[in-house]
Amino acid sequence: MGGAAGLHLRFLFGPPSGGLRFQGIQSPVHLHQGSPLRSLRHAESKRIMSTVAADDPRVAEDHDELYRVRHSLAHVLAQAVLEMRPGSTLGFGPPISDGFYYDFILTEALTEEDFPELEKRMKHIIKQGQKFEREELPREEAMRRLDEMQEPYKREYAEELFEKKGIERLTFYRNGPFLDMCEGPHVEQTRALPKGAFRLRSIAGAYWRGNSDNAMMTRIYAWAFLTKEELEAHVKAYKQALERDHKKLGRELDFFVIDDAIGKGLPLWLPNGTVIRDEIEKLMKELEFADGYQRVATPHLAKTELYHQTGHLPYYAEGMYPFMELKDHGGAEGDEVRETYVLKPMNCPHHHRIFASRLRSYRDLPIRLAEYGQVYRYEDSGALSGLLRVRGMCMNDAHIYCTEDQIKDEFLKVMTMHEDLYRILGLRDYYLRFSTWDPDDPKGKNKYVDNPAAWESTQKHVYEAMVESGIPFTEGKGEAAFYGPKIDVQFKTVTGREETASTNQLDFAVPARLGLVYRDADNSETHPYCIHRAPAGTHERFVAFLIEHFGGAFPTWLAPVQVRVLAVSDVFLDYADALVARLRKNFVRAEVDRSGETVGKMIRNATTHKIPNIVVVGEREKRDGTVTLRRYGSRDQVALRLDEFEEDLLRRIRERSLDRVDWDH
RNA sequence: GCCCACGUAGCUCAGUCGGUAGAGCACUUGCAUGGUAAGCAAGCGGUCAGCAGUUCGAAUCUGCUCGUGGGCUCCA
């Protein structure tokens with residue numbers, strides 16, 4: 001997987017600028033909430049949805065009250081900050097999904113310890129009942145005003161608005177002593193702002209306009225709602241969500257560790273976490289087998305030269321681990337470098353070489369090569385986060401080589417596979433984004449392969465496949481990979497951060513660049529199209545999503561330990577052992593608790609480890625040939641005959657049943 | 001990479017004014033043989049992330065390094 005250009009390789013983990021790493025974003029469209037995917041197949045949504053999300057605060061209800069409150073509070077915060085740090089300059093201060101933020105260049109640092117005083121000052125400002133007064137100025141006056149205000153960043157943006165967006169007049173808002181260039185709207189006056197319904201949340205660095213070439217500003221985030229109750233409910237929900245954090249659960253439930261002795265961003269999968277990975281891989285292999293994929297296996301290394309041929313180097317070198325230089329003799333100083341190798345940051349070049357390993361006929365196509373290949377990317381250290389953003393990862397990868405006529409059907413099958421995978425796992429809170437070419441993009445030919453005809457045709461095929469799939473999607477114009485359109489699947493983490501789970505790209509350029517051909521019906525040599533696809537993204541990130549989705553309480557088929565058997569006394573351990581042996585013959589991950597603790601304690605331990613099936617055996621069970629079953633999340637105990645217990649258990653595993661409902665959220 | 005915060009036992013955390021380290025859980029052992037979320041007791045466990053400095057004396061103060069977390073256009 002991955003793309004054929006450095007920039008786009010990184011798209012599985014978000015664009016290089018980090019533009020997708022929003023804090024607290026709501027999914028633009030909660031497309032799949034509350035309804036099974038299947039029912040969406042024929043939904044009325046067979047059209048491209050609006051590019052701007054429905055609950056995006058910028059457009060919601062044409063700037064509703066909440067938007068005005070948040071926007072106005074941002075001004076109040078800025079006023080308070082300027083009181084405490086006179087002479088500081090302003091950046092942006094927009095409403096966001098759960099509050100607002102404001103960016104500053106501060107004359108002297110503020111920390112979260114200053115929050116109480118800032119909040120106090122904000123409340124004081126609110127009490128003053130300052131009126132928000134709107135003023136529109138034509139270009140020259142506006143620019144003069146900004147010069148007087150000594151706000152260089154606002155000024156820079158104003159220039160851009162006049163130049164590029166072609167606006168005529170610039171809007172300013174004044175409340176009390178505070179003046180800001182701002183399009184509004186705002187509340188009438190500060191007393192209209194609900195007291196006690198906002199809370200300063202955190203302080204963070206943020207580059208001006210998100211570009212690391214620009215100045216580093218100080219960003220203050222705040223939560224804000226219309227009522228105190230809403231704020232408190234939000235904060236409470238946020239804290240509860242932190243309990244599901246995959247990093248926390250990963251430690252508590254022994255899923256993975258990241259050990260500095262190995263290296264940052266290089267997770268070690270513990271036995272429990274490996275089970276989940278393996279189960280996802282098994283599932284994917286089944287789905288792929290059904291769709292005619294063939295499995296391949298390729299090494300972690302390749303000669304650097306290969307990446308020169310694909311066009312990744314030297315452009316993408318920064319995203320890769322440093323090259324390994326093989327020298328003559330013992331590699332002593334001064335020995336000539338014979339060849340260099342790289343740790344692969346993607347699998348596609350290897351798969352392309354497999355395609356090239358023999359002469360291909362049009363009759364062979366489509367060829368679908370699948371591999372869960374381990375890749376390594378040298379991500380910025382500050383970007384690393386648990387399993388969500390790592391430097392060593394396993395791609396849920398496959399490359400489909402096909403003719404133009406096959407694109408639509410193949411893409412449709414790929415999207416259907418996504419649907420199947422997510423439905424099986426009960427994942428609903430995601431949306432799809434169709435990223436297209438922007439022929440008018442000023443960066444033009446540097447950003448996209450210069451082949452308008454290919455763009456038009458491939459986008460049409462992908463679009464038609466999406467429409468036919470019936471899966472709703474949004475469009476991101478100008479966000480395509482440089483070699484073709486793509487469909488990304490966006491998920492939200494428990495803390496509200498949005499991440500790309502899967503990226504699926506249509507590549508009409510790189511196979512040609514590598515000289516891949518097949519013999520066509522007319523005996524000519526033709527370049528294949530290539531679809532890069534990864535329904536489960538990387539196994540690291542995907543398992544992280546699943547941990548958070550299930551809150552660590554996995555359904556039986558996914559659970560690291562599927563059944564734990566407790567004997568009420570050591571006397572009945574033989575019965576417990578026999579039961580476990582019987583289950584393990586059927587590949588059930590069952591084990592006996594031999595801790596010798598009290599039953600209450602063993603129940604507690606199994607429960608805190610979120611084991612889905614707890615079986616208690618004692619005299620009654622041994623005598624009657626039964627078990628007493630207690631399912632995770634339930635206090636009920638059910639007595640079952642051994643064979644009916646086993647049959648039900650095996651069925652749930654076989655059917656990949658989501659056998660619990662209380663984690664529905 | 002950059003900004004901010006944080007780093008004490010395997011985990012979660014306490015540690016006052018700078019005076020040489022503590023709890024609960026986990027683990028080990030012993031007792032208890034217990035019927036659905038913690039039986040009782042003892043023990044083991046720390047280079048207070050690392051290095052350097054200030055000091056008679058540093059977990060505590062300062063600097064650097066390493067690591068972790070949050071954030072780095074939701075664009076006036």
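Side-chain atoms are counted along with the backbone in the values below, which use heavy atoms only and exclude waters and symmetry mates. Chain A is the first sequence line, chain B the second, and so forth, proteins listed ahead of strands; every chain is numbered from 1. Just so you know, these numbers come straight off a predicted model, no measurement behind them.
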Inset, instruction - Provide the distance between the two C1' atoms, one in B:rA9 and one in B:rA59, to the nearest whole Å. - result: 14 Å

Legend entry - C1' gap between B:rU33 and B:rC44, integer Å: 26 Å

Legend entry - Centroid separation A:H71 to A:F100 less than 6.0 Å: no

Inset, instruction - Describe the nucleic acid contact of A:E160 in one word from base, sugar-phosphate, nothing, applying a heavy-atom distance below 4.0 Å. - result: base

Legend entry - Atom-to-atom span, NZ of A:K248 to C1' of B:rC11 - whole angstrom: 10 Å

Legend entry - Residue A:T607, side-chain heavy atoms: nucleotide from B:rA37, B:rC72, B:rU68 that is nearest: B:rA37

Inset, instruction - Sort out the partner of B:rU36 for me: Watson-Crick or G-U wobble, both distances under 3.5 Å, none otherwise. - result: none

Legend entry - Complementary nucleotide of B:rC11, counting Watson-Crick and G-U pairs under 3.5 Å: B:rG24

Legend entry - P-based separation of B:rG69 from B:rC25 [nearest Å]: 29 Å

Inset, instruction - Describe the nucleic acid contact of A:E619 in one word from base, sugar-phosphate, nothing, applying a heavy-atom distance below 4.0 Å. - result: base

Inset, instruction - Give one of base, sugar-phosphate or nothing for A:G600, where a contact means two heavy atoms less than 4.0 Å apart. - result: sugar-phosphate

Legend entry - Aromatic ring proximity, centroids under 6.0 angstrom, A:Y378 and A:Y376: no

Inset, instruction - For the pair A:E475 and A:R433, find out whether any cationic side-chain nitrogen is under 4.0 Å from an anionic carboxylate oxygen. - result: no

Legend entry - Rounded interatomic separation in angstrom, taking CZ from A:R389 and P from B:rG69: 12 Å

Inset, instruction - For A:E151, report the nucleic acid contact type (base, sugar-phosphate, nothing); a contact means any heavy atom under 4.0 Å. - result: nothing

Legend entry - A:Y221 side-chain N/O to B:rC72 phosphate OP1/OP2 under 4.0 Å: yes

Inset, instruction - Return no unless some side-chain N or O of A:S212 is found under 4.0 Å from OP1 or OP2 of B:rC2. - result: no

Inset, instruction - Assign A:G596 to base, sugar-phosphate, or nothing according to its heavy-atom contacts below 4.0 angstrom with the strands shown. - result: base

Legend entry - Within 6.0 angstrom of A:E188 CD, more than 12 heavy atoms from elsewhere: no

Legend entry - Protein-nucleotide distance (A:E243, atom CD; B:rC11, atom P), rounded to Å: 17 Å

Inset, instruction - In whole angstrom, give me the gap between the P atoms of B:rU12 and B:rC56. - result: 38 Å

Inset, instruction - Nearest whole angstrom, please: distance from the P of B:rA38 to the CD1 of A:I603. - result: 10 Å

Inset, instruction - Provide the distance between the two P atoms, one in B:rG43 and one in B:rG22, to the nearest whole Å. - result: 14 Å

Legend entry - A:E136 CD: over 12 foreign heavy atoms closer than 6.0 Å: yes

Inset, instruction - May I ask which nucleotide in the shown strands pairs with B:rC72, Watson-Crick or G-U wobble, both distances under 3.5 Å? - result: B:rG1

Inset, instruction - Looking at every strand, decide which applies to A:I614 at a 4.0 Å heavy-atom threshold: base, sugar-phosphate, or nothing. - result: nothing

Inset, instruction - Respond yes when some side-chain nitrogen or oxygen of A:S381 is under 4.0 Å from OP1 or OP2 of B:rG1, and no when none is. - result: yes

Inset, instruction - Could you tell me whether A:R251 contacts a base, only the sugar-phosphate backbone, or nothing, with contacts defined as non-hydrogen atoms closer than 4.0 Å? - result: sugar-phosphate

Inset, instruction - Could you check whether the rings of A:W269 and A:F256 sit parallel, tilted or perpendicular, using 30° and 60° as the cut-offs? - result: tilted

Legend entry - Within-4.5 Å side-chain heavy-atom neighbours: A:E159 and A:M143: yes

Inset, instruction - Using the C1' atoms only, state how far B:rU55 lies from B:rG19, rounded to an integer number of Å. - result: 12 Å

Legend entry - Nearest-angstrom distance, P atom, B:rA5 to B:rU65: 15 Å

Legend entry - Nearest listed nucleotide, side chain of A:D260, among B:rC72, B:rG67, B:rU36: B:rG67

Inset, instruction - Hunt down the Watson-Crick or G-U wobble partner of B:rG67, both distances under 3.5 Å, from any strand shown, or write none. - result: B:rC6

Inset, instruction - Give the nucleotide from the list B:rG70, B:rU68, B:rU36 with an atom nearest to the side chain of A:Q637. - result: B:rU36

Legend entry - Phosphate-side-chain proximity, A:R209 and B:rC72, N/O vs OP1/OP2 below 4.0 Å: no

Inset, instruction - Identify, between A:R630 and A:I167, the residue whose nearest nucleotide on RNA chain B lies closer to the 5' end. - result: A:R630

Inset, instruction - Write down the distance separating the C1' atoms in B:rA23 and B:rA14, rounded off to the nearest Å. - result: 7 Å

Inset, instruction - Tell me which of A:G93 and A:I258 sits closer to the 5' end of RNA chain B, going by the nucleotide each one is nearest to. - result: A:I258

Inset, instruction - Please confirm whether any donor atom in the side chain of A:Y207 sits under 3.5 Å from an acceptor in the base of B:rG1, or the reverse. - result: yes

Inset, instruction - Figure out the CZ/P separation between A:F115 and B:rG70, and round it to whole Å. - result: 16 Å

Inset, instruction - Identify which one of A:F550, A:Y430, A:F491 satisfies the ring-ring contact (aromatic ring centres under 6.0 Å, His included) criterion when paired with A:F545. - result: A:F491

Legend entry - Nucleotide nearest A:K247 (side chain, heavy atoms from C-beta), chosen from B:rA37, B:rG35, B:rG69: B:rG69

Legend entry - Nucleotide of B:rG39, B:rG35, B:rC3 approaching A:R620 most closely (side-chain heavy atoms): B:rG35

Legend entry - Beyond-backbone contact of A:E156 with A:R209, side-chain heavy atoms, under 4.5 angstrom: yes

Inset, instruction - Could you check whether A:T111 gets within reach of a base, just the sugar-phosphate, or nothing at all, counting any heavy atom under 4.0 Å? - result: sugar-phosphate

Legend entry - Pairing partner (Watson-Crick or G-U wobble, both distances under 3.5 angstrom) of B:rG19: B:rC56

Legend entry - A:R635 vs B:rA37: side-chain N/O to OP1/OP2 distance below 4.0 Å: yes

Inset, instruction - May I ask you to evaluate whether A:K601 reaches the phosphate of B:rA26, defined as a side-chain N or O under 4.0 Å from OP1 or OP2? - result: yes

Inset, instruction - Can you label the angle between the A:F92 ring and the A:W208 ring as parallel, tilted or perpendicular, going by 30° and 60°? - result: tilted

Inset, instruction - Send over the distance from A:R201 CZ to B:rG70 P, rounded to a whole Å. - result: 12 Å

Legend entry - Rounded distance in Å - CZ (A:R604) to P (B:rA38): 7 Å

Legend entry - Side-chain-base donor-acceptor pair under 3.5 Å for A:E621 and B:rG35: yes

Inset, instruction - Identify whether any heavy atom of A:R219 sits under 4.0 Å from a base atom; if not, whether one sits that close to sugar-phosphate; answer base, sugar-phosphate or nothing. - result: sugar-phosphate

Inset, instruction - Would you mind telling me which of B:rU36, B:rG39, B:rC4 lies closest to the side-chain atoms of A:I203? - result: B:rC4

Inset, instruction - Report yes if a side-chain nitrogen or oxygen of A:S385 is closer than 4.0 Å to either non-bridging phosphate oxygen (OP1 or OP2) of B:rG70; otherwise report no. - result: yes

Inset, instruction - Take atom CG of A:D114 and atom P of B:rA5, then tell me their distance rounded to the nearest Å. - result: 10 Å

Legend entry - Candidate nucleotides B:rG1, B:rG70, B:rU36, ranked by approach to the side chain of A:A204 - the nearest: B:rG70

